[in-house]
Amino acid sequence: MSKITVPILKGMKGEKKITMLTAYDHPTAKIMDDAGIDTILVGDSVGPVVLGYQNTIPVTIDEMIHHTRAVARGITNALLIIDMPFMSYQESVEQAKRSAGRMFKESGAEAVKLEGGVAMHDTIKAITEIDIPVCAHIGLTPQSIHRMGGYKVQGKGKDVDKLLADARAVEAAGAFMVVLECVPRQLAKEITGMLTIPTIGIGAGPDCDGQVLVIHDVLGLLGDFRPKFVKQYRSLSSDIGNAVKEYINEVTSGTFPDDSQSFH
Ligand code: KIV
C-alpha cells in the first residue's frame, strides 16, 4: 500500500470507499496503519473516550498535540488528521490560523478538522490559504452539544436547508473532505451527490464516500452504551477484564511468575 495523500483521498470519491478510524496512541495507530486504513483521525473525542472528560469541550491544543505526536510515530501510509479543539478557532480567523499552524507544525498531522459550516466559511478559507488542508465537520457537531441539547440527529425538517447550506459553504471555502455526523441517510446521500469533495459519514448511512468510527466503539472498549450508528466488531472490555482477573488470581495464588518467566 502506498502513502495516502489529500489528492489521493479526493480522487477516491466515486471510485473507492474511504476508511477512517480514530486513534489516540502509538500502538493502536500502528496496528490500524498496518491493517491498511486510509486515514486516521486524532479526534477531540480523546477527551471523553481516553481522558475521562464529560464531553469534548475541555480538550486543549496541548492535549491534541501530545496524542497526535504519539499516533504520528505509528503511521507510515495513512493520512493523519488532527481535530481542532473547542475555542482554538472560534475566536477569530487570525486565532484559527495560529492554532492550526501550531498544531500542524508540532503534531505531525497532515490536515486539521474543525466543526461548523456556513459560520466557518472564512476560517476554513484562511487555513486552506496557508496550505493546511482542512476536513470540515457538519451535522451533529459535538462542540455545540449544549446548544443542540444533546447528541441528536441533525438535518431534519426545517434544518435540511441549513445543512445543505453548510455543505456548500465548506466546499466553497476549500475543505478537501467533510464529515457528516448523525444526518438522515437520504440527506447524506443528497449531499454526497451534490459535492465534489468526499463525504465521510458517522451515523449518516451507507451512501457517503467513506465512513469513520471511534476505535473504542469498534473494539467494544466503552462498556454497554452504544449509539445506534456504531457497529461493535469486538468486545474487548470483557476480554481485558478477564485477563486482569486471571493475572490477579495467578499472582495471588503464586502461579505467576513460574520458572519459565524467571532468570537463571
Ligand atoms: O472527535 C471525533 O472522534 C470525531 C469523529 C467521531 C468524527 O469528530
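Atoms within a ligand are numbered from 1 in the order they appear, just like the ligands themselves. Counting from 1, the numbers follow the sequence of the chain as shown. The model shown is predicted, which means the values in this text are computed figures rather than measured ones.
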Have a look at ligand 1 and work out which part of [X], if any, has a heavy atom under 4.0 Å from it: side chain, backbone, both or neither.
X: L213; result: neither
X: I202; result: side chain
X: I200; result: neither

Between the side chains of [X] and [Y], is a donor N or O closer than 3.5 angstrom to an acceptor N or O?
X: H137; Y: D83; value: no
X: Y24; Y: E63; value: no
X: D25; Y: T28; value: yes
X: Q143; Y: Q90; value: yes

Residue, atom name and distance, where the atom is the protein heavy atom closest to [atom]:
atom: atom 3 (O) of ligand 1; answer: S45 OG, 2.5 Å
atom: atom 8 (O) of ligand 1; answer: K113 NZ, 2.9 Å
atom: atom 4 (C) of ligand 1; answer: L41 CD2, 3.7 Å

Would you say Y24 and ligand 1 have an N/O pair spaced under 3.5 Å apart? no
Polar proximity ligand 1 side, D44 side, N/O cut 3.5 Å exclusive: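 In this structure, D44 places an N or O atom under 3.5 Å from an N or O of ligand 1.
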Give a yes or no on whether Y151 atom OH has more than 12 heavy-atom contacts from other residues, nucleotides or ligands under 6.0 Å away.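 Yes, the 6.0 Å shell around OH holds more than 12 heavy atoms from other groups.
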Close-contact set for ligand 1 against [X] heavy atoms, below 4.0 Å:
X: D83; answer: 1 (O), 2 (C), 8 (O)
X: T22; answer: 3 (O)
X: G43; answer: 1 (O), 2 (C), 3 (O)

Can a donor-acceptor pair be found, under 3.5 Å and without considering hydrogens, that links the side chain of [X] to the backbone of [Y]?
X: S144; Y: R147; answer: no
X: Q186; Y: P184; answer: no
X: T199; Y: D209; answer: yes

